[in-house]
Protein chains: 2
Amino acid sequence: MTENSREKILLAATKIAQAHGYNGLNFRDLAEDVGIKAASIYYYFPSKADLAAAVAKRYWENAAAALETLSAESADPVSALRRYPETFRWALENENRMCLSGFMAAEYDDLPEAVKKEVQTFADVNVAWLSKVLSAAKVVSPKKSEPRARAIFAAVGGAQLMARSRSDITLYDTLISSYRAAGLLPA
Amino acid sequence: MTENSREKILLAATKIAQAHGYNGLNFRDLAEDVGIKAASIYYYFPSKADLAAAVAKRYWENAAAALETLSAESADPVSALRRYPETFRWALENENRMCLSGFMAAEYDDLPEAVKKEVQTFADVNVAWLSKVLSAAKVVSPKKSEPRARAIFAAVGGAQLMARSRSDITLYDTLISSYRAAGLLPA
DNA sequence: ACCTGAACACCGTTCAAGT
DNA sequence: ACCTGAACACCGTTCAAGT
């Protein structure tokens with residue numbers, strides 16, 4: 001119960017940013033969630049930019065860990081690949097939130113440099129994992145695994161975005177099914 | 001040269017919203033672009049919600065007209081389909097902007113009801129056009145043309161989002177190529 | 001009809017001050 | 001070490017007033 005404030009701030013800020021983005025994250029509401037005053041956040045993070053960068057960094061670190069777990073839990077690369085869309089489904093299940101990095105990709109123009117960097121790392125981590133698994137699964141030739149990985153990442157992000165705009169998680173599932181039927185993802 | 005202020009506001013607001021979203025659209029900067037004061041905007045639009053709804057409505061109306069032109073200009077449905085990604089490429093070419101409705105899909109939680117409605121109509125217009133053209137092109141069976149239309153719309157939006165986050169229009173082009181190679185779009 | 005200045009409660013941020 | 005209140009220039013919005 002003696003969780004420290006820094007950790008509470010990070011957790012609350014992540015949830016807010018997934019629903020409202022960088023621009024929609026405000027210190028007074030965040031502070032209220034945590035149970036402190038807005039000015040106190042500056043004791044832990046020197047600016048909104050630093051807080052957001054820390055949030056985005058933690059975000060891709062967790063994503064990387066989740067993908068490693070997925071690989072470890074899966075019997076073979078094809079089944080790991082089949083389960084990849086689950087990692088993006090999770091956000092929609094939780095109050096129709098979306099991928100932090102997807103939201104921030106839209107807000108690109110308003111993002112401080114340090115935040116942009118972490119957002120791009122999230123994409124890199126996903127593309128690297130997909131590329132590795134696609135190669136191992138022999139779904140495409142090794143040479144084409146990276147372009148295909150990027151295509152899958154972009155398409156899954158687009159599916160999440162569209163499903164969110166309808167607050168309809170079943171739309172996400174049918175989009176993923178269509179990607180499979182079309183051949184973008186292994187059936 | 002005697003263009004009216006209402007029209008100028010609509011035009012300037014569209015450009016701002018494509019770069020910064022609904023949350024990032026502010027009346028003082030917008031008014032400065034137009035050459036009036038922030039309070040004057042209220043003479044034309046009763047609120048930010050109304051302005052944004054008008055912007056989003058105009059946006060899908062223009063998109064619908066552009067798609068009709070595309071159909072009319074194309075010799076056959078397959079070539080119309082091949083040129084569909086161009087409609088989303090345009091925004092990136094113009095100062096790395098993105099589709100207004102894609103941005104607002106992310107901002108879903110913060111959108112007034114009237115704006116949500118117009119954003120969804122944009123998606124509907126695109127899916128209806130794609131569905132019609134896919135059927136005519138016999139790319140998929142008539143029954144599967146609508147799910148496929150949705151998949152294409154979501155994937156192209158995702159490609160735009162990812163390319164924007166790198167400010168790299170060539171990434172958009174390679175993503176579209178990968179979609180074609182994978183079979184999502186006709187080669 | 002079209003526009004403005006001044007005011008309101010709200011934002012990120014700073015800072016001196018409290019324990 | 002951890003937190004606060006008060007202040008700053010900024011937001012959307014209102015309104016009485018100007019031409």
Trainee: Would you tabulate the side-chain donor-acceptor contacts of residues 179-187 of chain B under 3.5 Å, counting partners in other chains and residues two or more places apart, or write 'none'?
Mentor:
| residue | atom | partner | partner atom | Å |
| --- | --- | --- | --- | --- |
| B/Tyr179 | OH | A/Ala155 | N | 3.4 |
| B/Tyr179 | OH | B/Ala155 | O | 2.8 |
| B/Arg180 | NH2 | B/Arg82 | O | 2.8 |

Trainee: Using the test salt bridge (Lys or Arg N to Asp or Glu O under 4.0 Å), find all partners of B/Glu118 that sit at least two apart in sequence or belong to another chain.
Mentor: none
Trainee: Kindly state each residue pair satisfying salt bridge (charged side-chain N to carboxylate O under 4.0 Å, His left out) with at least one member in residues 41-50 of chain A, sequence neighbours excluded.
Mentor: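 Matches after skipping sequence neighbours: none remain.
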Trainee: Among pairs that include at least one residue of residues 66-77 of chain A, which meet salt bridge (charged side-chain N to carboxylate O under 4.0 Å, His left out), considering only residues two or more places apart or in two chains?
Mentor: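 As it turns out, the salt bridge (charged side-chain N to carboxylate O under 4.0 Å, His left out) pairs with a partner in residues 66-77 of chain A, which skip direct neighbours, are A/Glu73-A/Arg83.
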Trainee: Between C/dC3 and B/Tyr43, is there an OP1 or OP2 to side-chain N/O distance shorter than 4.0 Å?
Mentor: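 No, B/Tyr43 has no side-chain N/O under 4.0 Å of OP1/OP2 on C/dC3.
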Trainee: Among C/dC3, D/dA1, D/dC3, find the nucleotide with the atom closest to the side chain of B/Ser5.
Mentor: C/dC3
Trainee: In residues 30-37 of chain B, which ones come under 4.0 Å of DNA chain C, going by heavy atoms?
Mentor: B/Ile36, B/Lys37
Trainee: For DNA chain C, what is the dot-bracket line, given that a base pair needs Watson-Crick (N1 to N3, plus N6-O4 or O6-N4) or G-U wobble (N1-O2 and O6-N3) geometry with both distances under 3.5 Å, and | means paired with another strand?
Mentor: ||.|||||...|||||.||
Trainee: Produce a footprint string for nucleotides 7-19 of chain D: one letter per nucleotide, 5' end first; B if the base is under 4.0 Å from any protein heavy atom, S if only the sugar-phosphate is, - if neither.
Mentor: ----BBBBB----
Trainee: Are B/Glu146 and B/Arg150 within salt-bridge range, i.e. N to O under 4.0 Å?
Mentor: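 B/Arg150 and B/Glu146: salt-bridged.
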Trainee: Quick test of your reading: applying salt bridge (charged side-chain N to carboxylate O under 4.0 Å, His left out), list the pairs with at least one residue in residues 152-174 of chain B, sequence neighbours left out, ordered by first then second residue.
Mentor: A/Asp109-B/Arg164, A/Asp124-B/Arg166, B/Arg89-B/Asp173
Trainee: With respect to the phosphate group of C/dC3, does any side-chain polar atom (N or O) of B/Tyr44 fall under 4.0 Å of OP1 or OP2?
Mentor: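 Checking C/dC3 against B/Tyr44, a side-chain N or O does come within under 4.0 Å of OP1 or OP2.
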Trainee: State which residues pass side-chain contact (heavy atoms from CB on, under 4.5 Å) with B/Tyr44; sequence neighbours excluded, sorted by chain then number.
Mentor: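 Testing B/Tyr44 for side-chain contact (heavy atoms from CB on, under 4.5 Å), a comparison that skips the adjacent residues, returns B/Ser5, B/Arg6, B/Ile9.
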Trainee: State which residues pass salt bridge (Lys or Arg N to Asp or Glu O under 4.0 Å) with A/Lys15; sequence neighbours excluded, sorted by chain then number.
Mentor: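 Checked A/Lys15 against salt bridge (Lys or Arg N to Asp or Glu O under 4.0 Å); zero matches.
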Trainee: Can you give me every donor-acceptor pair (side chain of residues 29-37 of chain B, partner residue at least two apart or in another chain, under 3.5 Å) with its distance?
Mentor:
| residue | atom | partner | partner atom | Å |
| --- | --- | --- | --- | --- |
| B/Asp29 | OD2 | B/Asn26 | ND2 | 2.8 |

Trainee: If the cut-off is 4.0 Å, is A/Ser40 near the phosphate of D/dC2, judged by side-chain N/O to OP1 or OP2?
Mentor: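 Indeed not, no polar side-chain atom of A/Ser40 lies that close.
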Trainee: With sequence neighbours excluded, what pairs up with B/Lys144 under the salt bridge (Lys or Arg N to Asp or Glu O under 4.0 Å) test?
Mentor: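 B/Lys144 satisfies salt bridge (Lys or Arg N to Asp or Glu O under 4.0 Å) with no residue once adjacent residues are dropped.
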